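What follows is a short report on a single structure.
This one's a predicted model, so the numbers in the text were calculated from it and none came from an experiment.
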Amino acid sequence: MSKTFKATSLVILALILVISCWAYFGLLGNPLKKNDAEQQVTTYLIEHKGYSPEQLIEVKGTYSLKSSEAPYGASVTFADEPEAKYQYIIFNNGEIKQYSHTSDYPKHEESMVR
């Protein structure tokens with residue numbers, strides 16, 4: 001194999017890696033930012049809304065490709081409504097709001113943003 005073939009192959013592999021990472025983060029979001037969103041929403045619910053950690057079964061970071069104003073947030077499952085998911089979004093200014101829920105009879109509904 002010639003040096004130019006090796007160099008070209010290396011450049012092509014590097015481009016594939018860069019494009020793959022860009023596509024992954026672009027479509028699924030940055031995992032570190034999703035983890036940070038989980039922490040922010042958990043803190044918001046405990047410190048500002050008065051929930052205890054035991055009332056929260058799961059807080060899972062989310063990412064929306066559609067929103068540049070609030071791309072990250074979290075999906076929350078409460079212990080007294082384990083079948084329902086409540087979606088919270090984090091605006092770029094740090095404000096957290098409930099966006100939606102899947103409950104027919106919501107126990108944790110806040111005034112939502114649409």
Next item on the list: Go through the steps for Q40 and Y72 under the test side-chain hydrogen bond (donor to acceptor under 3.5 Å, both in side chains), then give the verdict.
Entry: CA-CA 10 Å; Q40 288 179 23; Y72 290 93; over 6 Å; no
Within a strict 4.5 Å, meaning less than it, do heavy atoms of the [X] and [Y] side chains meet?
{"X": "H101", "Y": "H108", "result": "no"}
{"X": "Q98", "Y": "Y86", "result": "yes"}
{"X": "F78", "Y": "I57", "result": "no"}
{"X": "K97", "Y": "E110", "result": "no"}
{"X": "Y44", "Y": "I90", "result": "no"}
{"X": "D36", "Y": "N30", "result": "no"}
{"X": "K85", "Y": "V76", "result": "no"}

Minimum-distance pair of heavy atoms, taken over all atoms of [X] and [Y]:
{"X": "T62", "Y": "A74", "result": "OG1-N, 3.3 Å"}
{"X": "S75", "Y": "Q87", "result": "OG-NE2, 3.1 Å"}
{"X": "P82", "Y": "D80", "result": "CD-C, 3.6 Å"}
{"X": "Q55", "Y": "G50", "result": "OE1-O, 4.2 Å"}
{"X": "P71", "Y": "E69", "result": "CD-C, 3.7 Å"}

Margin query: I need the T42 OG1 to E58 CD distance, nearest 0.5 Å.
Written below: 10.5 Å
Notebook entry, point to check: For the atom pair CD (E95) and CD1 (I89), what is the distance rounded to the nearest 0.5 Å?
Noted result: 8.5 Å
Notebook entry, point to check: Same hydrophobic cluster for Y88 and Y99, using side-chain heavy-atom links shorter than 4.5 Å among ILVMFWY?
Noted result: no
Notebook entry, point to check: Are L56 and I96 in one and the same hydrophobic cluster, where Ile, Leu, Val, Met, Phe, Trp and Tyr link if side-chain heavy atoms are under 4.5 Å apart?
Noted result: yes
Margin query: Which residue is it: L10, V11, I12? I am looking for the one with a side-chain contact (heavy atoms from CB on, under 4.5 Å) to T8.
Written below: I12
Next item on the list: Report, as yes or no, whether the 6.0 Å neighbourhood of atom NZ on K60 holds more than 12 heavy atoms from other residues, nucleotides or ligands.
Entry: no
Checklist line | Under 3.5 Å: donor-acceptor pair, side chain of E81, backbone of K107 | finding: yes
